[in-house]
Amino acid sequence: MELLFKIKIAEKCWKDSLDWTFGQIDVLNKAYNGKGKIVDLEKSREILRVAKERNEEEKKTMKIGIEKIEINVKPVRNFKSSLEKLLHSTEIYFSDMKIPPSPFDLYDSIDNQELSKIELGRYIEKVKKNLETNWVAFNQSYGGMLIKIKLNDYEIK
């Protein structure tokens with residue numbers, strides 16, 4: 001078995017995830033009126049609606065890209081898992097409640113007619129925090145994967 005790791009694939013996955021993460025932050029900031037509050041609920045919803053389809057397409061592209069890493073060792077599995085978690089950053093969980101509601105995606109919540117400005121603002125803040133936390137974890141797994149691949153004497157091309 002040849003121990004070959006194609007680093008260009010991993011670098012592309014990292015770059016695509018950076019672009020996706022920054023794109024999400026830009027959309028959220030625009031929908032949230034910068035760092036302020038939601039002034040026009042319908043305008044914020046429309047911004048999120050427009051971004052929803054692009055978000056799904058980019059997620060699919062990244063998932064296809066990461067599957068091109070064929071090595072099945074723990075650091076690579078951790079990297080893939082971490083990317084998957086990053087891509088689910090738009091899901092909202094409320095763990096601080098006794099009986100938390102089931103998780104839902106921010107982009108799916110915009111169609112709820114009962115959604116208020118305050119709720120949407122809270123959801124956006126939650127997703128921004130998820131993006132931050134998951135991006136840091138993703139980068140740690142990326143760095144760890146690269147070092148472990150090198151330490152385990154894989155040829156890196």
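Any value given below was found using the heavy atoms of this structure, including those in side chains, with hydrogens, waters and symmetry copies removed.
For CD1 of I7, the number of neighbouring non-hydrogen atoms (other residues, nucleotides, ligands) closer than 6.0 Å is greater than 12. By the 6.0 Å contact criterion, NZ on K85 is open, its count of non-hydrogen atoms from other residues, nucleotides or ligands being 12 or less. Within a 6.0 Å sphere centred on NZ of K6, heavy atoms belonging to other residues, nucleotides or ligands number 12 at most. Within 6.0 Å of atom CG in L18, more than 12 heavy atoms from other residues, nucleotides or ligands are found, so the atom counts as buried in its surroundings. Within a 6.0 Å sphere centred on NZ of K148, other residues, nucleotides and ligands contribute 12 heavy atoms or fewer.
For K129 (side chain) and I124 (main-chain N/O), no donor-acceptor pair under 3.5 Å exists by modelled atom type. Using modelled atom types, no side-chain atom of K128 and backbone atom of I25 make a donor-acceptor pair closer than 3.5 Å.
Interatomic distance, I9 CD1 to I66 CD1, rounded to the nearest 0.5 Å: 10.0 Å. Remark: L87 CG to N134 CG distance equals 9.5 Å, nearest 0.5 Å. Atom-to-atom distance recorded for K63:NZ and D16:CG is 14.0 Å, nearest 0.5 angstrom.
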* Asked: Run the side-chain contact (heavy atoms from CB on, under 4.5 Å) check on F79 and C13 step by step: do they pass?
  -> CA-CA 10 Å; F79 175 67; C13 289; 4.2 Å; yes
* **Worked check of side-chain hydrogen bond (donor to acceptor under 3.5 Å, both in side chains) between T90 and D105** => CA-CA 6 Å; T90 58; D105 192 275; 2.6 Å; yes
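When the ring pair (Phe, Tyr, Trp, His ring centres under 6.0 Å) test is applied to W135, the partners found at least two apart in sequence or on another chain are W14, F138. By the ring pair (Phe, Tyr, Trp, His ring centres under 6.0 Å) test, F104 pairs with Y123, sequence neighbours left out. Applying the side chain to side chain donor-acceptor pair (under 3.5 Å) criterion to R49, with sequence neighbours excluded, gives E46.
K52 has its side chain out of reach of V27: every pair of non-hydrogen atoms, C-beta onward, lies at least 4.5 Å apart.
Defined by atom type and a distance below 3.5 Å, a donor-acceptor pair is missing between the side-chain atoms of Q140 and Y142. Between the side chains of N55 and Q24, at least one donor N or O lies within less than 3.5 Å of an accepting N or O. Counting only N and O atoms by type, the side chains of N33 and K43 include no donor and acceptor under 3.5 Å apart.
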